[in-house]
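Encoded as structure tokens, the structure appears first; notes follow it.
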Amino acid sequence: EEEVAEVVASHLVEAYAADPEADDAGEIRDRARTALVRAGDHAVSLAAAESAQGYYEQALTLGGDEQSQSDLHARAGETAARQGQNAAARKHYESAIQLYEGLGRASETARILSRLARVDLLEHHDEDGIARMQRAVVMLSSGDGGDDAERESELASVAAQLGKQLYFHGDLDEALAFAERALQIAETEGLSAAFVQALDTRACVLGARGRRDEAELLFEGALKVAAENNVSADGVRILHQNMASTLEEADRLEDCLDHYEQGEALSRWLGDRLGAVSGRLTRGNSLLELGRWDELEEIYTQYLETDAPELEAIAWISGMSIASVWLLLRRGDLAGARALLAGKAEALEHAHVEMRGVYDAARAALASVEGRPGDALVAAEAGLQSSLEQSFPVVACQNLVEAVDAAFRLGRDDRVEEFIALVRGHYRPGRQRAIDAHIHRWQAMLAAHRGDDAEVAANRSEERRVGKECRSRW
């Protein structure tokens, strides 16, 4: 029946349109709406989000009670969000929330509030997103509307998502508190999907606090629970992406790329365009460090040709493609690097701390190559401070390298020593090998300026030894 769902829906819609005043028009209209919903659901199962959205929106034009209308708006919003159509997603989610609230459906209202909060995050409205999540938690905690099991399940899920939003916002203590709340509910009630979500949030927070070994164990445990309990592919995709990020912070670049690729594959299978694009672009920094420049160029070229026209305005996506700036600079294409950064300015200048930090590092790199070390130092120092404060080690490292390079070009060995002292206050030796290798390189350069040949030799030797452990083209 699903194989012909689209054909059945089309015939019924045509029959209703031919004579909407007929005696049986109401019955035909209801059958047409049901068939369109079935066609939309079938399109979702085939990862055809655009077609699904069209079917749901067509079904909305055929009326129905408030419950069916709210469900259709929710479905249409979800399929729009998967395509990166944020304006359409927001419109449908807001309509669904209004209808669900009128029906007194707390669980459904909270669920769509959390979906709308994701759109807020993509559009740089972090405070609005967090406020929506908090409202959803309060609503679910009140005990009004829906049965208890349904409400507890949604509360665990929303609390885990709120924890993740707070993590992105840099409020790690609050993020961990909501993750713990979600874990307690999920484990008590046997809610596997929410349990996996909460483990993911907790792992992200611990990773941000430098407890990467513990975070990795939590990610591995969450993947195991997900596999054993048939947790949705979307939940597993997010785990792979966050596991990859943690491994990247630990300079385990080959392992990191493997998880990014698995996350991208699941996004494609789900028809999640944003997830698939970000899954490709997030590999950029690791590919650059490993010297796999042709692969990075292929990814960026594909992005420009197929996705950038629609998605470049989203800061989250725009920031992920910025590794190409360093590729262009290393290949001598200054004009290309300038154009790339100019095109990203609007999306990234006021974006989330992590994305803005990457932008600062790229601006510093370009300024340095153009012979403007003073501008490079200003940009990189701003990105370094914000990234350290919000615990984004990969971005902090990018800005640190550019800041120290600029300080050396300016003849400011005192600033170099300040930066080395600053980073030692945030990283323990041996925990991020790329940082260790950089510090040895800089200490060798400082020693050379002092004429201390023995210190130069000792630090160069350590730089080579540690650099090999990074598995990058040091």
Side-chain angles (χ1 to χ4, degrees), residues 80-90 117-126 128-129 165 168-170 238 241-242 244-245 248 260 263-264 267 272-288 293 295-329 333-367 379-380 382-383 386-387 390 392 394-399 402:
R82 286 188 179 185
Q83 300 168 74
Q85 304 295 329
N86 291 335
R90 180 179 294 280
R118 295 181 188 177
V119 178
D120 290 326
L121 183 64
L122 289 172
E123 295 184 336
H124 331 313
H125 306 308
D126 294 14
D128 291 342
Q165 291 269 33
F168 283 124
H169 200 249
I238 293 169
Q241 290 176 336
N242 291 330
S245 179
E248 184 176 12
Y260 276 138
E264 180 196 348
S267 293
D272 185 338
R273 184 185 184 190
L274 284 180
V277 171
S278 67
R280 286 194 299 276
L281 295 177
T282 45
R283 304 207 297 268
N285 189 61
S286 295
L287 292 173
L288 188 69
W293 295 1
E295 291 178 55
L296 174 56
E297 183 174 31
E298 182 181 349
I299 287 172
Y300 184 62
T301 299
Q302 180 185 0
Y303 168 70
L304 287 179
E305 292 175 352
T306 62
D307 300 300
E310 294 180 61
L311 304 182
E312 179 66 12
I314 300 175
W316 172 44
I317 297 296
S318 182
M320 288 178 178
S321 66
I322 211 165
S324 300
V325 169
W326 283 272
L327 175 64
L328 293 168
L329 291 176
D333 186 359
L334 270 67
R338 291 187 193 107
L340 193 156
L341 277 177
K344 294 180 179 297
E346 183 176 356
L348 296 180
E349 283 180 346
H350 305 290
H352 177 265
V353 169
E354 184 179 15
M355 294 296 101
R356 192 170 67 248
V358 174
Y359 177 66
D360 286 336
R363 288 194 303 122
L366 176 60
S386 62
S387 300
Q390 299 283 342
F392 293 109
V394 173
V395 181
C397 182
Q398 290 174 315
N399 280 283
E402 300 301 338

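Owing to the predicted nature of the structure, the values given are computational and were not obtained by experimental measurement.
- For the atom pair CG (Asp272) and CD1 (Ile238), the distance works out to 8.5 Å, reported to the nearest 0.5 Å.
- A search for side chain to side chain contact (heavy atoms under 4.5 Å, CB included) contacts involving Ala379 returns Arg363, Ala364, not counting sequence neighbours.
- The distance from atom CD of Gln241 to atom OG of Ser278, rounded to the nearest 0.5 Å, is 5.0 Å.
- Ser245 pairs by the side chain to side chain contact (heavy atoms under 4.5 Å, CB included) definition with Glu249, Tyr260, not counting sequence neighbours.
- Evaluation of the side chain to side chain contact (heavy atoms under 4.5 Å, CB included) rule for Ala345 yields Glu349, Tyr359 as partners, not counting sequence neighbours.
- For Glu297, the side chain to side chain donor-acceptor pair (under 3.5 Å) partners two or more places apart in sequence, or in a different chain, are Arg331.
- When all heavy atoms of Val119 and Ala89 are compared, the pair lying nearest together is CG2-CB, 4.2 Å.
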**Trace of the side-chain contact (heavy atoms from CB on, under 4.5 Å) decision for Val395 with Met355** = CA-CA 9 Å; Val395 181; Met355 294 296 101; over 6 Å; no
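- Interatomic distance, CG of Leu304 versus CG of Leu340, reported as 7.5 Å (0.5 Å rounding).
- Taking Glu295 as the reference, Arg292 meet the salt bridge (charged side-chain N to carboxylate O under 4.0 Å, His left out) condition, with sequence neighbours excluded.
- Shortest non-hydrogen contact noted between Ser386 and Gly383 is OG-O, 3.2 Å.
- For the residue pair Ser387 and Gly357, the shortest heavy atom distance occurs at OG-CA, 4.3 Å.
- Under the side chain to side chain donor-acceptor pair (under 3.5 Å) criterion, Glu310 pairs with Gln85, Arg273, not counting sequence neighbours.
- Residues forming a side chain to side chain donor-acceptor pair (under 3.5 Å) with Arg283 (at least two apart in sequence, or on another chain): Glu264.
- No donor-acceptor pair closer than 3.5 Å links the side chain of Asp360 to the backbone N or O of Asn399.
- Summarising the geometry, atom CG belonging to Leu281 is positioned 8.0 Å from atom CG belonging to Asp307; distances are rounded to the nearest 0.5 Å.
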**Request:** Could you go through the side-chain hydrogen bond (donor to acceptor under 3.5 Å, both in side chains) check for Gln398 and Asn285 one step at a time?
**Result:** CA-CA 10 Å; Gln398 290 174 315; Asn285 189 61; 3.1 Å; yes
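- For the atom pair CG of Leu288 and CH2 of Trp293, the computed distance is 7.0 Å after rounding to the nearest 0.5 Å.
- To the nearest 0.5 angstrom, Glu312 atom CD is 3.5 Å from Tyr303 atom OH.
- Every side chain to side chain contact (heavy atoms under 4.5 Å, CB included) that Arg118 has, sequence neighbours left out, goes to Arg115, Gln161.
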Output side-chain donor-acceptor pairs under 3.5 Å for residues 319-327, partner residues at least two apart or in another chain, one line each.
| unit_1 | atom_1 | unit_2 | atom_2 | d |
| --- | --- | --- | --- | --- |
| Ser321 | OG | Ser318 | O | 3.0 |
| Ser321 | OG | Lys344 | NZ | 2.4 |
| Ser324 | OG | Ser321 | O | 3.3 |
| Trp326 | NE1 | Glu402 | OE2 | 3.0 |

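- Looking at Gln165, its side chain does come within 3.5 Å of a backbone N or O of Ala117 through a donor-acceptor pair.
- Applying the side chain to side chain donor-acceptor pair (under 3.5 Å) criterion to Asp126, with sequence neighbours excluded, gives no partner residue.
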